[in-house]
Novice: 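Structure incoming, see below.
Counting from 1, the numbers follow the sequence of the chain as shown.
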Amino acid sequence: MKKKYLLSMMSLTLFVFSFNQSLFSGEVATELLDELSFYELEVAIASKRQESFAVAPSIITVITRKDIENLNPKTFYNLLETIPGFTLHTRNLGEPFLELRGIPYVHDQILIMIDNHPLNESIFGTGIYVAETIPLELIERIEVLRGPGSAIYGTNAAYAVINIITANEKQKNNETRFLAKYGSDNTINGVAIRKEKKDNGFLITSASILKTDGLNVNFTDRKGIKGKTFFKQEYDHLYLNYRQGNYGVLGLFGKENLGPFVGIAKTLNQKTDREYTTGALEGNANFKLTDKIDLVGKVYYDTFIYDCLWEYYPKEITPPNGQLTEAEGQVHKVGSELNFQMKLSEKESLTLGLVYDYLELTSIKTANNSDNPYQLKPTTPWVLPDHKKNFAIFVQSNYFATDKLQLVLGLRYDYDSSYGNSLNPRTGFTYELSDSHNIKLLFGQAFRGPDFFDIGSGSPDQIKNQDLNPEIVRTLDLEWNSIWLKSILVRANYYHNEITDLIRGTTIQVDGKPINIQKNLGKIKVDGIEVEVRKNWSNNKGYIALNGYVSISEDVNLNQKIPMISPYGFKFILNNNFTKNFNTSLFIKHIGKMERESNDTRDAISANTLVDTSCNFNLKSLVFKVGVYNIFNATYVSPSNYSDKMDDYPRSGRTFQISGEYRF
């Protein structure tokens, strides 16, 4: 079987003519491919400083504002699916979970930032709660680092780093945008954005709201109850980014209110009501200390409020009112970072950073109706109040041994008072074969530190474990980049991942009773190839793009392939500007067959192909868009576990979205 997959990987590399639209796109892409070269594109995500794409020591994808406008995706996570290796799934709570590079459900192992400010909260370690609320119209570009980023960014940057950028430094005029959307499932979305260009800075403000009845389809849950899902969603978002001279202020507020979908105990219910609130405030400054040393510093305060009413079981299972639990908690983070950029010589630069964070988990409340079916009463906390301190220091050297050969060496040391030390290196080189071809050979180690929920629960059926170690990810990347005939961009990347000390839940016996505990268990190996090709039409008339991946994921302890992931897939994009006022796009996503767990007798989940299309009309100040998603109404599900003995989690059939926007 492995030979079959390896042959598929080789075939993909040699014969699939594929590339993701999101590396270069729109006006930027035409300029880079037709006039200059992709070496001129600058990114900051790899080293926390501006550097050319060709020498940046990471595997990087850039999604531009033009990409977002042309593709007209429904959500931020649908946009990420255009990147090779990213696959979107859902679980019982209905929230988006990403599969990346052959690893499922990596929501807490991807660091998500907005304008370099991390969005991952510290109870569960994820950034999904606030990223979903960010309006796509606010985004100027997204830089995505695929692979390890902990040598620069620390915890959660294990498999990828995503930086959402709202400012356009080349913006010449002020811009105001009012936008309204309506779509399937009674979805209503309103967005207002103001971007002002100042003499020595900018001001960006935005506000948005979204409401939807959500997916409502037939489902059979783990208790055999048949009914319909119910997944209402409400998102609110406010954002401020102001810079004047050397100083800046960033503020964010995001709030999600979500219905039950399939509940926390994987049973159909209608009383679950979840609320996640995220707030962030940052002050930052940058100074030129000398001709060769720049300093960027920031202080920040973040908060995440968790307030959920869970209906574990409906009244059909535990009459008369079902089993209800209310859980609350807040985490607060105060921190600072200093980042020194040093130019030691014409050939060598150095990045040095210091980070300090203090985190506190507080306001823990739990109540349930187990004693009184008609009233919620306080009970044992679902997680214990806690606090911890983080300190980190990192350094990275970029040295050009020749004009074409760059050597990179980086190291970050983290100390966390809850789990101890973590030391993560990165190294590699980039080599320019010619003006249009280069290669990168990179090695990096990354980690995900245990979050508050991993470390311990106050629940009587779970033990607190303060001896957890961080999950460790070691990655080897080999990438080749090339431009052919000044208009065809080709990339091919081989990667090898080894993940150890996985944090997983398990059951142990204490005084003859089963007790849950989080422990370091298991090891995973992944080998994969990602291939991308893109062809731009002349005169900025559009582009055609295709990307694909194949991966082999193995659970080393169990000596078997990892189930319920797609081992291969490809995406195709066709974008065409018929006139300067009329644009159409076609996005095709094909995901390979997903095998079940070894003891699951159900048929494998068949390969599926989804097709989205969008038409955009730009009439000077007015913009109208029509998007149809999954236009052939293909059946599409995310796999459920065999032990749950229930339907797979349903995904949307054919949906639509129309929008009107006024710009001035």
Side-chain angles (χ1 to χ4, degrees), residues 1-21 73-74 77-91 96-106 215 217 219 495 526-533 545-555 560-574 586-613 628-642 646-655:
M1 189 62 69
K2 288 186 177 182
K3 290 183 179 179
K4 177 181 177 181
Y5 283 137
L6 288 172
L7 287 173
S8 299
M9 294 167 70
M10 295 173 63
S11 299
L12 181 66
T13 307
L14 297 173
F15 302 116
V16 174
F17 208 55
S18 56
F19 182 68
N20 184 344
Q21 94 295 340
K74 285 199 298 183
Y77 290 98
N78 292 132
L79 181 63
L80 292 182
E81 281 197 290
T82 64
I83 302 172
F86 277 82
T87 302
L88 184 64
H89 289 290
T90 190
R91 289 201 287 191
F97 286 86
L98 290 168
E99 172 191 316
L100 175 59
R101 288 188 159 190
I103 304 298
Y105 305 123
V106 292
L215 189 61
V217 296
F219 187 80
Y495 60 87
V526 184
D527 290 276
I529 288 179
E530 300 160 338
V531 186
E532 312 169 68
V533 175
L546 200 71
N547 76 63
Y549 73 93
V550 174
S551 65
I552 302 172
S553 305
E554 180 185 6
D555 188 316
Q560 64 180 26
K561 292 183 300 180
I562 296 178
M564 301 190 297
I565 62 171
S566 47
Y568 67 91
F570 69 83
K571 296 96 179 252
F572 170 84
I573 298 100
L574 176 62
L586 180 71
F587 175 47
I588 301 174
K589 177 184 69 175
H590 178 82
I591 300 300
K593 181 173 68 173
M594 288 183 276
E595 299 290 347
R596 303 283 189 178
E597 298 166 280
S598 58
N599 58 348
D600 194 336
T601 58
R602 293 176 295 176
D603 292 337
I605 296 178
S606 301
N608 62 78
T609 302
L610 305 181
V611 182
D612 302 340
T613 187
V628 182
Y629 312 95
N630 192 5
I631 62 177
F632 296 111
N633 203 28
T635 301
Y636 184 34
V637 298
S638 291
S640 64
N641 294 325
Y642 169 69
M646 65 181 185
D647 289 349
D648 292 311
Y649 301 118
R651 305 290 296 275
S652 295
R654 183 188 301 112
T655 58

Novice: Measure the CD1-CD distance between Ile562 and Glu99 for me, rounded to the nearest 0.5 Å.
Specialist: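 With rounding to 0.5 Å, CD1 (Ile562) is 9.5 Å from CD (Glu99).
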Novice: For the atom pair OG1 (Thr82) and CG (Asp612), what is the distance rounded to the nearest 0.5 Å?
Specialist: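 Result: 11.0 Å between the selected atoms.
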Novice: Could you tell me which residues satisfy side chain to side chain donor-acceptor pair (under 3.5 Å) with Asp648, sequence neighbours excluded, listed by chain and number?
Specialist: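 Partners of Asp648 by the side chain to side chain donor-acceptor pair (under 3.5 Å) criterion, ordered by chain and then number, come out as Arg596, Ser640.
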Novice: Keeping the roles fixed (side chain from Ser638, backbone from His89), state whether a donor-acceptor pair exists under 3.5 Å.
Specialist: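 It does not hold such a pair.
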Novice: How many angstroms lie between atom CG of Asn608 and atom OH of Tyr636, to the nearest 0.5 angstrom?
Specialist: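 Asn608 CG to Tyr636 OH: 6.0 Å, rounded to 0.5 Å.
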Novice: Looking at every non-hydrogen atom in both residues, tell me the closest pair between Arg651 and Val637 and how far apart they are.
Specialist: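 Where Arg651 meets Val637 most closely, the heavy atoms are CG-CA, 3.7 Å.
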Novice: Could you check Ile588 against His590 for side chain to side chain contact (heavy atoms under 4.5 Å, CB included), going step by step and ending with a plain yes or no?
Specialist: CA-CA 7 Å; Ile588 301 174; His590 178 82; 5.6 Å; no
Novice: Would you say the side-chain atoms of Asn547 pair up with the backbone N or O of Ile83, donor to acceptor, closer than 3.5 Å?
Specialist: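 Looks like no, no N/O pair under 3.5 Å.
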Novice: So, for Asn641 and Met564, which heavy atoms are closest and what is the spacing to 0.1 Å?
Specialist: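 Minimum heavy-atom separation between Asn641 and Met564: OD1-CE, 3.1 Å.
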Novice: With distance as the sole test, does Asn633 use its side chain to make a donor-acceptor pair with the main-chain N or O of Arg654 at under 3.5 Å?
Specialist: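 Answer holds: yes.
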Novice: By ring-ring contact (aromatic ring centres under 6.0 Å, His included), which residues pair with Tyr105, not counting sequence neighbours?
Specialist: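 Partners of Tyr105 under the ring-ring contact (aromatic ring centres under 6.0 Å, His included) test: Phe97.
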Novice: List the atom of Tyr495, the atom of Gly102, and the distance in Å for their closest heavy-atom pair.
Specialist: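 Closest approach of Tyr495 to Gly102, heavy atoms only: OH-N, 4.4 Å.
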Novice: Quick one: CZ on Arg101 to CD1 on Ile565, what's the gap to the nearest 0.5 Å?
Specialist: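 It is 14.0 Å, given to the nearest 0.5 Å.
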Novice: For the residue pair Met594 and Ser566, what are the closest heavy atoms and their distance?
Specialist: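 Residues Met594 and Ser566, closest heavy atoms: CG-N, 3.6 Å.
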Novice: With rounding to the nearest 0.5 angstrom, report the CZ to OG1 distance, Phe587 to Thr613.
Specialist: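 Rounded to the nearest 0.5 Å, the CZ-OG1 separation comes out at 12.0 Å.
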Novice: Rounded to the nearest 0.5 Å, how far does CG of Asn630 lie from OG1 of Thr635?
Specialist: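 Between atom OG1 of Thr635 and atom CG of Asn630 there are 8.5 Å.
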Novice: Of all the heavy-atom pairs spanning Phe86 and Leu80, show the shortest one and how long it is.
Specialist: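 Looking at all heavy atoms of both residues, the closest pair is CB-O, 3.3 Å.
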Novice: When you look at CG of Asn599, are more than 12 heavy atoms from neighbouring residues, nucleotides or ligands closer to it than 6.0 Å?
Specialist: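 Check passes, neighbour count above 12.
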Novice: Between Glu81 and Leu88, is there a donor-acceptor pair closer than 3.5 Å when you use the side chain of the first and the backbone of the second?
Specialist: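 Pair found, side chain donor or acceptor close to backbone of Leu88.
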Novice: Can you see which heavy atom on Ala634 is nearest to which on Leu610, and at what distance?
Specialist: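 Where Ala634 meets Leu610 most closely, the heavy atoms are CB-CD2, 3.8 Å.
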